[in-house]
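The structure displayed is predicted, hence computed values, not measured ones.
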Amino acid sequence: MLNLNWQIIWAFVNIIILVVLLKKFLFKPVTDMMEKRTKMIEDSFAEAKAKNEEAQALKEQYEASLAEAEEEAARLIRSARQTAAHQTDEMLAAAQAEAHQLVEKAQQEIDRQRRKAMQDVRESAAELAVMAAAQMLHKEADTEENHQLVEQFLKEQVNGHE
């Protein structure tokens, strides 16, 4: 028959008790700790993924802001160039108008000086003519009367030539 060895039975009982105790006091806390650790790692991965997505969104927002700033800078540069070109055109127009006025004033001054010179020449010619006529006639003539005659003669000559 079967001979039971009480030592083997006690060994089995001890092993079963040891397994139950290990399961309750060692495997369960270790398993719980490993589950907590696994959950913490999964949470860390989820948090890292969320932060990565947030960083990506911030990067896209930054790139959009940068593109908008570059566009604004380009618009400001275009505007400044247009303003500068407009001001340059205005300054050139003002300078041309001033130059035209100066030329016009200079022309008027030249005309005035020419008329004065013509008047001086007429007066000198009239005096010379009167003096020459007086010397020819060897007599003293009324200078004012002769001067008026010569002046009238020169005006008739000048009006005839113009």
Atom pairs and distances, donor-acceptor, side-chain atoms in residues 38-64, under 3.5 Å, two or more places apart:
residue, atom, partner, partner atom, Å
T38, OG1, M34, O, 2.6
S44, OG, M40, O, 3.0

Tabulate below the donor-acceptor pairs under 3.5 Å that side-chain atoms of residues 74-97 make, not counting sequence neighbours, or state none.
residue, atom, partner, partner atom, Å
R75, NE, E72, OE1, 3.3
R75, NH2, E72, OE1, 3.3
R75, NH2, E72, OE2, 2.4
T83, OG1, S79, O, 2.9
H86, NE2, E90, OE2, 2.6
T88, OG1, A84, O, 2.7

What donor-acceptor contacts under 3.5 angstrom involve side-chain atoms of residues 12-24, with partners at least two apart or in another chain?
residue, atom, partner, partner atom, Å
N14, ND2, W10, O, 3.2

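More than 12 non-hydrogen atoms from other residues, nucleotides or ligands lie less than 6.0 angstrom from CD of Q119.
A search for side-chain contact (heavy atoms from CB on, under 4.5 Å) contacts involving Q107 returns D111, not counting sequence neighbours. Annotation: side chain to side chain donor-acceptor pair (under 3.5 Å) contacts of Q113 (sequence neighbours excluded): E109.
The hydrophobic side chain of V103 is isolated, with no ILVMFWY side chain under 4.5 Å apart from it.
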